[in-house]
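Throughout, numbering of the chain's residues begins at 1 and tracks the sequence. Being a predicted model, the structure only gives us computed values, none of them experimental.
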Amino acid sequence: PLPKLLNMWAAIPLDIIAALLAMKLAAFGTMKENVAKQFEIFGNKHTWAMTALYVVTFGSFIGFSMALPLAITVIFGFSHVPDAAGLLIHTIKNPNAPSALTYAWIGPFVGAAVRPVGGWISDKVGGSIVTQIISVIMVVASAAVGYVMMQAYGSATPEQYFPMFMGLFILLFAASGVGNGSTFRSVGFIFDRQQAGPVLGWTSAVAAYGAFIAPVVIGQQIKAGTPQFAFYGFSVFYAVCLVLNW
């Protein structure tokens with residue numbers, strides 16, 4: 001049925017296309033000429049590469065900001081014990097659960113704090129080099145977070161995995177924050193002044209969907225009993241973008 005087909009993977013591209021069409025059709029006079037100049041960015045292959053890389057950095061940052069409290073609450077807030085049939089149940093409150101309110105702010109704070117550092121380093125060595133390094137870090141860290149989540153989601157005492165989980169997540173936030181600065185620097189280097197502004201607006205708008213996609217994907221995989229698959233998937237995406245950046 002149609003409602004099932006219009007899931008988030010179909011709805012998001014349709015939403016973007018509809019917004020662009022509305023922008024194109026609503027323009028008239030001088031505005032039409034300006035819009036036409038902005039649309040020229042879509043004929044540049046670097047626009048699409050930077051869109052993907054902005055999803056890796058800015059998209060991951062805001063997506064993980066939304067997903068971290070969810071993961072802390074669901075993964076570590078309950079004891080995961082087998083029932084009489086040997087199947088794991090996830091409804092028993094964990095008396096030693098860490099508080100999402102206590103820890104969830106740390107990752108976004110670190111990511112936001114190091115963003116200027118990413119820009120500063122990129123000015124010294126080049127934005128693409130910094131993006132390449134943080135992409136490698138995010139590939140490894142994402143896979144590691146997935147593994148730790150798998151271990152915690154199958155444990156009666158998941159809190160024992162929390163320090164490693166939190167440390168890896170902070171590393172992801174730091175890498176995405178530095179990468180946010182480096183990709184911003186790359187846009188200013190790759191595109192001329194006329195195109196840099198529209199490219200930044202476009203890439204930021206697309207990457208902002210990370211705030212919706214990441215929590216939904218992680219939530220779906222937790223419900224399916226396989227939270228690690230979400231982060232394994234992120235790791236694969238980061239690896240693809242690493243090659244793209246190269």
Side-chain angles (χ1 to χ4, degrees), residues 1-13 55-56 59-108 110-111 137-176 209-241:
L2 186 60
K4 288 187 177 181
L5 290 175
L6 294 178
N7 55 32
M8 67 178 183
W9 302 113
I12 290 175
V55 172
V56 171
S60 295
F61 171 75
I62 60 175
F64 290 155
S65 297
M66 301 292 291
L68 181 56
L70 169 68
I72 293 175
T73 301
V74 178
I75 300 290
F76 300 96
F78 298 89
S79 296
H80 313 288
V81 295
D83 59 13
L87 297 174
L88 283 177
I89 57 174
H90 311 284
T91 56
I92 300 174
K93 288 285 187 179
N94 179 11
N96 301 312
S99 169
L101 291 176
T102 302
Y103 295 100
W105 65 272
I106 300 176
V110 171
I137 293 173
M138 294 182 73
V139 167
V140 176
S142 294
V145 166
Y147 178 78
V148 172
M149 289 178 73
M150 178 181 67
Q151 296 296 313
Y153 204 56
S155 173
T157 56
E159 68 275 5
Q160 65 180 309
Y161 298 98
F162 183 72
M164 185 177 295
F165 166 85
M166 198 64 204
L168 288 167
F169 235 119
I170 290 174
L171 179 60
L172 275 175
F173 272 107
S176 66
Y209 278 106
F212 167 69
I213 293 175
V216 171
V217 170
I218 294 171
Q220 287 177 343
Q221 291 304 313
I222 290 175
K223 186 180 293 186
T226 54
Q228 70 275 14
F229 287 170
F231 281 87
Y232 292 164
F234 295 150
S235 182
V236 170
F237 173 67
Y238 297 151
V240 170
C241 290

So side-chain hydrogen bond (donor to acceptor under 3.5 Å, both in side chains) across residues 66-80, not counting sequence neighbours, yields H80-H90
Crowding at OH, Y147 (>12 non-hydrogen neighbours, <6.0 Å): no
Side-chain (N94) to main-chain (F76) donor-acceptor, under 3.5 angstrom: yes
List the atom pairs, with distances to 0.1 Å, where a side-chain N or O of residues 62-72 and a protein N or O form a donor-acceptor pair under 3.5 Å, not counting sequence neighbours.
{"unit_1": "S65", "atom_1": "OG", "unit_2": "F61", "atom_2": "O", "d": "2.7"}

So does V217 get a backbone contact from the side chain of Q220, meaning a donor-acceptor N/O pair under 3.5 Å? no
What pairs with I106 under side-chain contact (heavy atoms from CB on, under 4.5 Å), at least two apart in sequence or on another chain? Y103, V110, M166, I170
V56 and M138 have their tightest heavy-atom pair at O-CE, 3.4 Å
Those residues at least two apart in sequence (or on a different chain) that pass side-chain hydrogen bond (donor to acceptor under 3.5 Å, both in side chains) with S60 are Y238
With distance as the sole test, does S155 use its side chain to make a donor-acceptor pair with the main-chain N or O of T157 at under 3.5 Å? yes
Please determine whether side-chain contact (heavy atoms from CB on, under 4.5 Å) holds for the pair V148 and F165, giving the CA-CA distance in whole Å, both sets of side-chain angles, and the decisive distance to 0.1 Å. CA-CA 6 Å; V148 172; F165 166 85; 3.8 Å; yes
L88 versus G154, closest heavy-atom pair with distance: CD1-CA, 3.8 Å
Holding to side-chain hydrogen bond (donor to acceptor under 3.5 Å, both in side chains), I want the full list of residues that pass it with T102, two or more places apart in sequence or in another chain. S99
Would you list the atom pairs, donor with acceptor, under 3.5 Å between side chains in residues 222-235 and any protein atom, with sequence neighbours excluded?
{"unit_1": "T226", "atom_1": "OG1", "unit_2": "Q221", "atom_2": "OE1", "d": "2.8"}
{"unit_1": "S235", "atom_1": "OG", "unit_2": "V139", "atom_2": "O", "d": "2.7"}

